[in-house]
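The structure presented is a predicted model; accordingly, all values stated were derived computationally and were not measured. Position 1 is the first residue of the sequence, and the numbers go up from there.
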Amino acid sequence: MSVCERDRLGYDPTLYYNGEEHRWETKVYDDSTDAHKTFELVSCMRISDRVCGRHICCFDCKEIKPSGDIDEHGKPAAEPCGVLVKSAWVVCSFLIMKEIMDERRHEAEYIAKHAVRKDVDSLFSLVEPKKTAKTIVDPIVEATLTTINNGFSALSRKSLDAVIGKDELKKYGDSFDLDRAVESTFRLSKLNEELFRGVSEADMYPLFRDFVMLVAHHVKAGAERFIAERSVKPKGKRKKISGAIEPVLILPYNGGDFKPEGSDDRTKIDGALALCELPSPIEPQGSPNYKDIFAIGELKRWERDSLQAFTQLAEYTRNIYANQDHRRFAWGLTMCGTKVRGCLFHHDGVRATSTMDFASHGGREKLVTLLVHWSFCSFTRLGYDTNMTRLREENAWEIRCPNHDNDGKRNSFTSYVTTRTIVNASSLFGRHTRCYIARRKDDTSGMEVVLKDSWSLPRDLKKQSAISTVPNEARNLQLIKEKFAGENLNFSYPQVVTSSRAKLSVGGKYIIDDTLAIYEYDDGDEEQIYRVRSLIVTTPVGRFIKRVKNEAELVLVLSDAMECHNAILKKCGLLHRDISVNNILVITNDGDDSLRRPVKGLLIDYDHAISVDQDSTGNGTRSGTLPYMSIHNLEGAPGKRSALDDWESLLYLICWLGTFGINSKDRDNINKKKTAEIEKWRHGTMQDIAECKRRQMNSMDTFSGLILAGFQEEYNVLKLLATKIYMALFQHDGCKGAYFDTEDIVATDSFTLAFADMLNEPQGDQSSSKQPKSDPLVVRKEYEKEIVDDLLKAIRAAAAASEDFFLQKAIAQGNETAPNQ
């Protein structure tokens, strides 16, 4: 033991003390660069205190990266990593990634079981070329099938043993060879036969890869002939593919069972296809990256594994949206045995073609036709936004936004260049919201704006509404702009620069980019949700709320956000309905009162906002972000939502930040034992969370013991503010508590019923006179104006105290202008 290495003694060799620099350092392997990076440990946030388990240790770190400069000691200076100066969070864990992957896998399993609509053969029509292109495409399909059929005739006369050797199989796919590609296609078609049962799932991708290159070989030959013929004809007589781009090649990636760059987990995909410009050579593509993948392919040895193939395809396609900002929808393929399906992932589900049986001539013809049509159809039909151009040298995007729908210039556009991506579309379904910091391309002042790109739900989910209605948020922001125009306000609000439905150029015409634009047909699916894609440009530019430095700044930000909320409700009649951490931003105050109010708050995202007069009865619809949703919102209770629901969301937001920290600096103070109650706000069904919140909010004792007790000790201001908001919402004289009857509670929630069952105490007849008489959360609506006034007084008092804090701080620092403020 005295002479063996430290790692054999149980120590981590990547974590060590640098005696010369007097600091702890750690080395972390970065698989994206295939190199190690060195980090300085600034502080320890969490140390494992268990004998068994994951042994998680967390450190706040800075990357040590030579800058080329020399410090005062004559040694190479270090600078933080990347372009931005920020700390890196290094988490040493064996199973933390497994938990994330398991959660995503469960979601993908649900999608595969419930969200896949099969046998939708109208997908073939979606990529079918126009008549002018069919004269080019049809001969390519015919030539490919002729090559396959002739090859099959020759191979069928050979001994099967001659084409099934494992050693020979391993050499497949390194480059393209026409004879070998035909042989690979032959083997794929025979997978169900007895002599080919030894071919494994790992062997399938090299065979499938050669088949794809076989099709690409004929596509390239046909496309080059077409381009050559077009170039020698007079311009007026040239063939033109209406509404299509120049032909591209669909080529496979090399290898198989690989992890592409751009993935934030450890999952590996069976294979993938890329779009390559002509005249690219026919060969497998190297270095797979989710930024460039056109479609993912999942291969399974047997047809019975089709559910698993759909599950994995759904799980991995999420990374395409996360890495490709210009992706509107995504394609994919599954191959289970000899049965192949094409898949289209849209914003609310998956559509799959009927099976194309590779063992039959008809099945092979369908698959060859699909691959050829992909090569000749427009980028819009492949799922890309042609109004976005990647500026590789600047590492940015140029986005052409249609000018406002009502400006009289139907097809006029304004170009914006992104400087930073702040939100990407990391989910498989939903709005796929992407947000950028950008500037106008023709603006030399460098003024920054926020550009939001999202697929919103219209008021009515019927398809006609999706076509004709301006998206909710765009309409709401225009209303706010009109109502607040020319007013001198003491709070900030998002000021719309331009907003419009996105437009696509299809066949020389501009159309609205909505769900129908994806399919370009109506297949009569009554359950289809129709979305409209909107592009909204606003100012000012804010930062995430967790960038606040202390409690005082947070209180000012929350105060401004709720002042804005109250003014918009009164002036515009709009209820926000999604108060959450992501929808309140911090902006720097450059005004005359900056010493006492160094920051301001900005309430954003009005996509869920509705007019308070829109529905006089209410339909119990849910909206919002799960941990912060009000109890009635979670329950989907009938009746209109009110301002009290949004103030209740604010209370939960304050409790969340008070428990888990208002910024990254305070996260090391989290007491895991004290977060158990609030953790229940993001796990389980909505009904379970609602029941949990009713119990926690029922009395000051439960609120204090279960929620306030979890706050970090130094957050005295937040505790006081949370208490005042709680008292106004849940302890008003006319409607105390959160249960239906606080004097004689009848068990209706699983928590109380479980204990009653353990004690064998009957809860009585639920239809008896002991039934709850009234819900205090319904009763409190009668006192809404009075309660809102109390809430505004509470948060304004807290904001005034914060202003006082900053003013006194400025005076203490000797700032001469402080007394004037």
Side-chain angles (χ1 to χ4, degrees), residues 430-431 433 456-457 459 461 472-473 476 558 561-562 565-566 568-569 573-584 603-657 677-698 703 707 722 725-726 728-732 735 737-740 748-751 772 774-784 787-788 791:
R431 292 188 291 171
T433 300
S456 304
L457 293 171
R459 282 277 187 266
L461 300 186
N472 296 347
E473 186 169 21
N476 291 336
L558 296 179
M562 296 314 291
H565 176 277
N566 185 60
I568 288 175
L569 182 60
L574 294 176
L575 185 65
H576 190 275
R577 300 201 308 163
D578 192 10
I579 303 295
S580 64
V581 168
N582 292 329
N583 289 341
I584 299 178
L603 183 62
I604 63 169
D605 196 350
Y606 292 81
D607 198 26
H608 292 299
I610 61 170
S611 170
V612 290
D613 299 324
Q614 177 187 334
D615 187 358
S616 59
T617 59
N619 55 12
T621 56
R622 297 181 174 100
S623 65
T625 307
L626 193 59
Y628 318 112
M629 290 170 67
S630 68
I631 293 172
H632 269 183
N633 197 2
L634 288 164
E635 293 173 338
K640 294 198 307 182
R641 300 289 171 261
S642 71
L644 299 179
D645 289 281
D646 283 358
W647 280 96
E648 189 178 333
S649 294
L650 177 71
L651 173 62
Y652 299 142
L653 185 154
I654 293 172
C655 294
W656 193 269
L657 295 177
E677 280 294 326
I678 203 169
E679 281 277 4
K680 296 175 183 177
W681 294 359
R682 59 179 174 185
H683 298 297
T685 65
M686 288 190 177
Q687 187 63 38
D688 289 338
I689 298 173
E691 290 175 357
C692 174
K693 286 184 175 180
R694 280 191 183 270
R695 176 171 56 86
Q696 295 165 342
M697 302 295 147
N698 190 51
F703 178 67
I707 302 301
I725 294 176
Y726 167 79
L729 284 170
F730 292 97
Q731 296 300 321
H732 187 273
C735 48
Y739 277 120
F740 286 86
T748 57
D749 65 301
S750 56
F751 178 82
S774 58
D775 182 353
L777 303 185
V778 174
V779 175
R780 78 179 181 187
K781 292 183 181 180
E782 300 174 11
Y783 306 93
E784 180 177 351
I787 293 174
V788 169
L791 291 165

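- Put simply, CG on Asp646 and CD1 on Ile579 are 4.5 Å apart, with the number rounded to the nearest 0.5 Å.
- Checking side-chain atoms of Lys781 against main-chain N and O of Lys640 turns up a donor-acceptor pair under 3.5 Å.
- Here Trp656 pairs with nothing under the side chain to side chain donor-acceptor pair (under 3.5 Å) rule; sequence neighbours left out.
- In terms of heavy atoms, Ile707 sits closest to Cys655 at CG2-SG, 3.6 Å.
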Go through it in stages, so that I can follow the logic: the residues are Glu635 and Arg694, the test is salt bridge (Lys or Arg N to Asp or Glu O under 4.0 Å), and I'd like the CA-CA distance, side-chain angles, deciding distance and then a yes or no.
CA-CA 11 Å; Glu635 293 173 338; Arg694 280 191 183 270; 2.9 Å; yes
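- Asn566 is linked by a side-chain contact (heavy atoms from CB on, under 4.5 Å) to Lys570, Val788, Leu792, counting only residues two or more places apart in sequence or in another chain.
- For His608, there are no side chain to side chain donor-acceptor pair (under 3.5 Å) partners at least two apart in sequence or on another chain.
- Partners of Ser630 under the side chain to side chain donor-acceptor pair (under 3.5 Å) rule, at least two apart in sequence or in another chain, are Asp645.
- Inter-residue side-chain proximity for Leu791 and Met562 is flagged as unmet; no heavy-atom pair is nearer than 4.5 Å.
- Residues His732 and Arg780 form no side-chain contact, since every pair of their non-hydrogen atoms from C-beta on lies 4.5 Å or further apart.
- Here CE of Met697 is found 5.5 Å from CZ of Phe703. Values are rounded to the nearest 0.5 Å.
- Scanning all heavy atoms of the two residues, the minimum distance from His683 to Glu679 falls at CD2-O, 3.2 Å.
- A search for side chain to side chain donor-acceptor pair (under 3.5 Å) contacts involving Tyr726 returns Gln731, not counting sequence neighbours.
- Under 3.5 Å, the side chains of His576 and Asn583 contain no donor-acceptor pair of N or O atoms.
- The pair Arg641-Glu648 fails the salt-bridge criterion, with no side-chain N (NZ, NE, NH1 or NH2) lying under 4.0 Å from an Asp/Glu carboxylate O.
- Applying the side-chain contact (heavy atoms from CB on, under 4.5 Å) test to Val581 and every residue at least two apart in sequence or in another chain returns Ile545, Lys546, Tyr628, Leu653, Leu657.
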Take Val778 and His632 through the test side-chain contact (heavy atoms from CB on, under 4.5 Å) and record every step on the way to the result.
CA-CA 9 Å; Val778 174; His632 269 183; 3.4 Å; yes
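- Separating the CG atom in Leu634 from the CG atom in Leu626 is a distance of 6.5 Å, to the nearest 0.5 Å.
- Atom CG of residue Asp605 and atom CG of residue Asp578 lie 5.5 Å apart, to the nearest 0.5 angstrom.
- In this structure, Leu603 and His565 approach most closely via the heavy-atom pair CD2-CB, 3.9 Å.
- Side-chain contact between Trp647 and Ile787 is absent, with no heavy atoms from C-beta onward closer than 4.5 Å.
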Please determine whether side-chain contact (heavy atoms from CB on, under 4.5 Å) holds for the pair Ile631 and Tyr652, giving the CA-CA distance in whole Å, both sets of side-chain angles, and the decisive distance to 0.1 Å.
CA-CA 11 Å; Ile631 293 172; Tyr652 299 142; 3.7 Å; yes
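- Considering all non-hydrogen atoms of both residues, Pro627 and Arg682 come closest at CG-CB, 4.2 Å.
- Of all heavy-atom pairs spanning Leu777 and Gly737, the tightest one is CD2-O, 4.3 Å.
- Scanning all heavy atoms of the two residues, the minimum distance from Ile654 to Ala722 falls at CG2-CB, 4.0 Å.
- One distance of note links OH of Tyr783 with CG of Leu729; it measures 15.0 Å at 0.5 Å rounding.
- Within the 4.5 Å cutoff, no side-chain heavy atoms of Thr625 are placed close to those of Asn582.
- Of the inter-residue distances, the one linking Cys692 atom SG with Glu677 atom CD reads 5.5 Å to the nearest 0.5 angstrom.
- Between Asn472 and Ser456, every side-chain heavy-atom pair lies at or beyond the 4.5 Å cut-off.
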